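What follows is a short report on a single structure.
Bear in mind that the values here come from a model prediction, so they are computed numbers and not experimental data. Numbered from 1 within each chain, the chains take letters A, B, ... in sequence-line order.
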2 protein chains.
Amino acid sequence: MSPRKSAAEARSTRRRIIDRGIAIASVEGLEGLTIGRLATDLGMSKAGILGHFGTKETLQLAVLEGASAVFVHSVWHPAEDAPPGLPRLRALCEAWIGYLEHERAVFPGGCLFTTASVEFDARGGRVRDAVARLSRVWRRRLAAEVRQAVAAGDLPAGTDPEQVTYELVGCYLALNQELQLLADPEAPARTRRALDRLLAPDAPVHPR
Amino acid sequence: MSPRKSAAEARSTRRRIIDRGIAIASVEGLEGLTIGRLATDLGMSKAGILGHFGTKETLQLAVLEGASAVFVHSVWHPAEDAPPGLPRLRALCEAWIGYLEHERAVFPGGCLFTTASVEFDARGGRVRDAVARLSRVWRRRLAAEVRQAVAAGDLPAGTDPEQVTYELVGCYLALNQELQLLADPEAPARTRRALDRLLAPDAPVHPR
DNA sequence: CCTACCGATCGGTAGG
DNA sequence: CCTACCGATCGGTAGG
């Protein structure tokens, strides 16, 4: 029999499950993430996995939360020290490119939020709600940075922050697709050119 | 026992399977499309479904081909009579918005190509290859239209057609996400504003 | 954290 | 096009 572990050991096991779950879900999706696959990969029993989460849905939410922490660490943190306004917005965007281009060890199948967004966008439930919420939080953060850049005079007055955010999100969805599906090495350069146009001091205002 | 059907009846059944398969796969993905679900929905046996395709992979490829026909009908055809160059490109883009916004009866879960792209981008196999091929065909078509618009003087000389195509694709990936995941009614208007900027006679050239 | 098990469903086949 | 079936796997539970 295997004895009950200490709280610290349990936390460490939980972390291992989540890290592995992120990698699997990045490739197979959050529905394609199965408890049996996790158990095999980690050399555990299915009941051992499930004991940490109770249900698959709770596991999916924990994996999503873990991926969110990775995103914050890879994209938000590196830009935190940049001056507010356009410099910080550009630092954020550059870190975002690196996240999609280089975080293959964590996300072998590409950005988990993109995968989960498409996977759950036509369903109900707590996972879908969590994906939508994370998406809105990130968009709000981007729009706030754009607003600061406008206030600082780094972007033209009259710029629509939601419009710029929408176009930024599109750029990165396209980048993810070109990297993952088409394996196009030109993709990051194209993203940077789009950013140069979108985040330029003389960018045309979007008329409403 | 149920007698063998005529070739015409078999074709009609095959069509029904594919149409239903497109609707299911749009919501559940091409992997989430199961033979049992199709059988229940259509009042057939699983063997009856499988008899038309042999394997699930062949069914997935047939569903993808059917969705491609819908896309061609909804987006390519309406623009075919527009004059080459910018007018046709804009007609294509407008039909593309309508396709994402209104084809809910055919694709209740949103664009099947977006779903399949993310679902298979980290796998191998014939389905992934087919998705990537369709994606490249559409990008080439868009780039060719941009090139014609430049040749006609409707877009600035020096415009990079692949760059514009990349940004167009991004716009529509973002539109699909805002419609499906975020249910944002402003999304089509935002897409049109992005197009106005991207496909304007005085759009800034993308430096390489 | 394990073993041992549950009913449901998966893709697919045999045979008609 | 059907019934009847196959082994594998799904999420989850009982009990320790």
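- One atom, CD of B:Glu31, and another, P of D:dT9, lie 15 Å apart when rounded to the nearest Å.
- Remark: A:Phe107 engages A:Tyr99 in a ring-ring contact (aromatic ring centres under 6.0 Å, His included) (not counting sequence neighbours).
- The nucleotide whose nearest atom lies closest to any side-chain atom of A:Ile35 is, among C:dC10, D:dC1, D:dG11, D:dG11.
- In this structure A:Arg126 satisfies the salt bridge (Lys or Arg N to Asp or Glu O under 4.0 Å) test together with A:Glu57, sequence neighbours excluded.
- Residues from residues 40-61 of chain A placing a heavy atom under 4.0 Å of any atom in DNA chain D, listed by number, are A:Lys46, A:Ala47, A:Leu50, A:Thr55, A:Lys56.
- Not counting sequence neighbours, A:Glu103 has no partner by the salt bridge (Lys or Arg N to Asp or Glu O under 4.0 Å) test.
- Note on ring orientation: taking the six-membered ring where Trp is involved, the planes of A:Trp138 and A:Trp76 are tilted (angle from 30° to 60°).
- When the salt bridge (Lys or Arg N to Asp or Glu O under 4.0 Å) test is applied to B:Glu119, no partner is found at least two apart in sequence or on another chain.
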note = Pairs under 3.5 Å (Watson-Crick or G-U), crossing ones as [ ], inter-strand ones as |: DNA chain D comes out as ||||||||||||||||

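- Along DNA chain C, the nucleotide nearest A:Ile17 and the nucleotide nearest B:Gly36 are compared for position; the residue whose nucleotide lies closer to the 5' end is A:Ile17.
- Across all strands, B:Leu33 comes closer than 4.0 Å only to sugar-phosphate atoms, never to a base (heavy-atom distances).
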Sequence neighbours left out, cut at 3.5 Å: what donor-acceptor pairs do the side chains of residues 80-89 of chain A make with other protein atoms?
| from | atom 1 | to | atom 2 | distance (Å) |
| --- | --- | --- | --- | --- |
| A:Arg88 | NE | A:Glu145 | OE1 | 3.3 |
| A:Arg88 | NE | A:Glu145 | OE2 | 3.1 |
| A:Arg88 | NH2 | A:Glu145 | OE2 | 3.3 |

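- For residues 38-53 of chain B, every residue pair satisfying the salt bridge (charged side-chain N to carboxylate O under 4.0 Å, His left out) rule, not counting sequence neighbours, is listed here: B:Arg20-B:Asp41, B:Arg37-B:Asp41.
- In terms of the salt bridge (Lys or Arg N to Asp or Glu O under 4.0 Å) criterion, B:Arg128 has no residue partners (sequence neighbours excluded).
- In this structure B:Thr191 satisfies the side chain to side chain donor-acceptor pair (under 3.5 Å) test together with A:Tyr166, sequence neighbours excluded.
- Phosphate proximity of D:dT9 to A:Thr34: absent, as no side-chain N or O sits under 4.0 Å from OP1 or OP2.
- Checked against side chain to side chain donor-acceptor pair (under 3.5 Å), B:Thr34 has no partners two or more places apart in sequence or in another chain.
- A salt bridge links B:Glu167 and A:Arg197; the closest N-O separation between the charged side-chain nitrogens and carboxylate oxygens is under 4.0 Å.
- Listed by residue number, there are no residues of residues 119-132 of chain B with a heavy-atom contact under 4.0 Å to DNA chain C.
- Rounded to an integer number of Å, the gap from CD1 of B:Ile24 to C1' of C:dC10 is 15 Å.
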